[in-house]
Student: 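This is the structure I want to talk about, given as structure tokens.
Starting from 1, each residue takes its place in the sequence as its number.
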Amino acid sequence: MSLKDRLVAEIRATGPMTVARYMTACLHDPVDGYYATRPALGEDGDFITAPMISQMFGELIGLWVVETWRGMGAPASVLLVEAGPGTGVLMHDALRAARLDPAFIAAADLWLIETSAPLAGAQRERLATGPLAPNWTASLEGLPAGLPMILIANELLDCLPARQLVRTETGWAERMVGLNDAGELVFGLAPRDGPGPNLDVAPGEVVEISEQQTAYAAALAARLTSDGGAALLIDYGRAAPGAGDTLQALRRHQKVDPLSNPGEADLTVHADFPTVIAAARAAGARAGLLTQRSFLQRLGIEQRAAALSRARPDQAGVIARQLARLIEPDQMGDLFKAACLFVGDGPPPPGFENAP
């Protein structure tokens, strides 16, 4: 029985499901979910991420990790963690830069938080010859306790499902996934009791609420507050509270109907950075937020691109296009944000010294 057939059967048995429940099934069903069976990253896949655009992205994050570790007092033991490592490209490039400080490599214990068996296999292959042997776990809770941590996560929050509330003329309703008369999956609205989001929006507008994003930020901040460290979360999303239907399905770099083929496309929603940061601060962490453009510029990406172009003048045009894709406002520069969660009374990690 296909995932679609099982979802149809579930709706017939128990009624329409929330958008969050539908996303969870499509992405993480252990038999037919997208990440369990067919995650396809890269130019020949369904979507491409910043580490795949240019080595500069991962290298600068590797240097950021080392400087953050030094700012923590260079502890003799530290967990280097990547949550949602994809194919391992980011960590591969980050370690190439980080190995310039042998003391950091000696101190670091590498952990990858991954739930997808196919992606874990790709990570194992890519990192096989790196300076640190990786360990795997499926959750934050699976990490060793009692050690400070530096965690990086690129395009993780957008995979954490959100519910969708819709403002109506009479109040709020919740967008649900149900069935039409022909037994096909369709969106519909269900009445909602009680107050809705504290936002002034017009009838018909959608407000997304990701309880999973909030819970993840709170758990991450609690871990940092307990054991020390910092976390860098990079994703596309909003910097201020607001309305908008951001649910999308990507297949072969094209947007497709989210309901058409459950489990065969990547489903995402925008990261809700205001809520993520509020949850982290409530759990005891400090936090800052920048656009990806500002973050990478503060780390010196333009200088790095110039150096690479001088070393490889035959690749200068390619490097310039890669740089533009990462930082230009009309590409990834403004849509993508970098949030840093950290603890302690010392200076913020690099780039976030004056971040709001």
Side-chain angles (χ1 to χ4, degrees), residues 41 47-68 80-95 97-98 112-114 119 123 140 149-160 210 212-213 216-217 220-221 224 229-240 246 250 266 268-277 279-280 285-301 304 322-329 331-342 348-353 355-356:
L41 286 69
F47 61 96
I48 192 168
T49 61
M52 297 176 174
I53 292 171
S54 170
Q55 69 186 64
M56 295 185 290
F57 186 85
E59 289 172 348
L60 288 175
I61 288 179
L63 296 177
W64 180 89
V65 165
V66 172
E67 288 302 316
T68 298
L80 172 57
V81 182
E82 184 174 3
T87 61
V89 173
L90 192 160
M91 185 56 69
H92 178 269
D93 291 341
L95 289 176
L112 305 178
I113 301 177
E114 184 58 76
L119 288 178
Q123 296 153 19
L140 277 173
M149 170 178 72
I150 301 174
L151 179 144
I152 54 179
N154 184 63
E155 294 198 40
L156 171 72
L157 293 175
D158 64 73
C159 297
L160 301 181
S210 178
Q212 290 196 34
Q213 290 183 18
Y216 185 82
L220 178 55
L224 295 175
L232 179 66
L233 309 176
I234 300 177
D235 220 314
Y236 49 90
R238 59 179 63 89
T246 70
L250 287 178
D266 182 43
T268 66
V269 291
H270 280 200
D272 184 356
F273 282 109
T275 299
V276 165
I277 287 175
R286 299 163 65 189
L289 182 67
L290 299 168
T291 63
Q292 180 170 290
R293 173 183 175 84
S294 293
F295 176 63
L296 294 178
Q297 285 179 325
R298 292 183 181 196
L299 295 190
I301 193 170
R304 177 59 175 156
Q322 293 171 340
L323 176 65
R325 188 164 183 185
L326 290 173
I327 70 169
E328 285 303 312
Q331 298 196 48
M332 299 175 75
D334 283 355
L335 175 61
F336 280 71
K337 315 294 190 299
C340 182
L341 314 183
F342 57 101
F352 293 92
E353 293 84 355

Student: With side-chain contact (heavy atoms from CB on, under 4.5 Å) as the test, would you mind laying out the steps for Val276 and Tyr216 before giving the verdict?
Tutor: CA-CA 8 Å; Val276 165; Tyr216 185 82; over 6 Å; no
Student: Would you check if Val81 and Ile150 make a side-chain contact, meaning some heavy-atom pair closer than 4.5 Å?
Tutor: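 Val81 vs Ile150: side chains apart.
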Student: About how many Å separate CG of Leu296 and CD1 of Ile301, when rounded to the nearest 0.5 Å?
Tutor: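 Going from the CD1 atom of Ile301 to the CG atom of Leu296 covers 4.5 Å.
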Student: Can any side-chain N or O of Arg293 pair as donor or acceptor with the backbone N or O of Gly333 at less than 3.5 Å?
Tutor: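 No.
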Student: Could you tell me if the ring centre of Phe336 sits under 6.0 Å from that of Phe295?
Tutor: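 They do not qualify: ring centres at least 6.0 Å apart.
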Student: For Pro349 and Thr68, which heavy atoms make the closest approach, and how far apart are they?
Tutor: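 Distance-wise, the nearest heavy atoms are CB-OG1, 3.6 Å.
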Student: Show the nearest heavy-atom pair for residues Gln123 and Gly86, with the distance to one decimal.
Tutor: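 In this case the closest contact between Gln123 and Gly86 is NE2-O, 2.7 Å.
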Student: Could you state the interatomic distance from CG (Leu220) to CG (Leu140), rounded to the nearest 0.5 Å?
Tutor: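 The distance works out to 5.5 Å.
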Student: Considering only heavy atoms from C-beta outward, does the side chain of Leu326 approach that of Ser54 to under 4.5 Å?
Tutor: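 Contact flag for Leu326/Ser54 side chains = yes.
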Student: Taking Lys337 for the side chain and Gly237 for the main chain, is one N or O donor matched with an acceptor at less than 3.5 Å?
Tutor: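 Yes, the answer is positive, given that a donor and an acceptor are paired below the 3.5 Å cut-off.
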Student: To the closest 0.5 Å, what do you measure between CD1 (Ile327) and CZ (Phe57)?
Tutor: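 The distance works out to 12.5 Å.
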Student: Give a yes or no answer on whether the side chain of Gln213 reaches the backbone of Asp272 with a donor-acceptor pair at less than 3.5 Å.
Tutor: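 Yes: the side chain of Gln213 pairs with the backbone of Asp272.
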Student: So Gln292 and Gln331, side-chain contact (heavy atoms from CB on, under 4.5 Å) or not? Walk me through it.
Tutor: CA-CA 11 Å; Gln292 180 170 290; Gln331 298 196 48; over 6 Å; no
Student: Assess the residue pair Thr87 and Met52 against the criterion (side-chain contact (heavy atoms from CB on, under 4.5 Å)); give the C-alpha distance rounded to whole Å, side-chain angles, the decisive distance to 0.1 Å, and a yes or no.
Tutor: CA-CA 9 Å; Thr87 61; Met52 297 176 174; 3.6 Å; yes
Student: Can you tell me how far CG of Leu90 sits from CD1 of Ile61, rounded to the nearest 0.5 angstrom?
Tutor: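 Here the interatomic distance stands at 4.5 Å.
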Student: Does any part of the side chain of Ile152, heavy atoms only, come nearer than 4.5 Å to the side chain of Met91, both counted from C-beta?
Tutor: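 Yes, their side chains come closer than 4.5 Å.
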Student: Where do Ala285 and Ala221 come nearest, in terms of heavy atoms and distance?
Tutor: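 Scanning both residues, the minimum pair turns out to be CB-CB, 3.7 Å.
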Student: Measure from the side-chain N and O atoms of Asp235 to the backbone N and O of Leu156, and report whether any donor-acceptor pair falls under 3.5 Å.
Tutor: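 A pair under 3.5 Å: yes.
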Student: Identify the heavy atoms of Trp64 and Pro350 that sit nearest to each other, and give their distance.
Tutor: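 Reported closest heavy-atom pair: NE1-O, 2.9 Å.
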Student: Kindly give the heavy-atom pair with the smallest separation between Met332 and Ala50, and that separation in Å.
Tutor: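 Nearest heavy atoms, Met332 then Ala50: CE-CB, 3.9 Å.
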Student: Rounded to the nearest 0.5 Å, how far does CZ of Arg238 lie from NE2 of His270?
Tutor: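 Interatomic distance, His270 NE2 to Arg238 CZ, rounded to 0.5 Å: 7.5 Å.
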Student: Got a second to check how far Leu224's CG is from Leu151's CG, nearest 0.5 Å?
Tutor: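 Answer for the CG-CG pair, Leu224 versus Leu151, is 7.5 Å.
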Student: For residues Leu80 and Val65, report the shortest heavy-atom separation together with the two atoms involved.
Tutor: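 The pair with the smallest heavy-atom distance is CD1-CG1, 3.8 Å.
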Student: Does the side-chain contact (heavy atoms from CB on, under 4.5 Å) test come out yes or no for Tyr236 and Thr246, once each step is laid out?
Tutor: CA-CA 10 Å; Tyr236 49 90; Thr246 70; over 6 Å; no
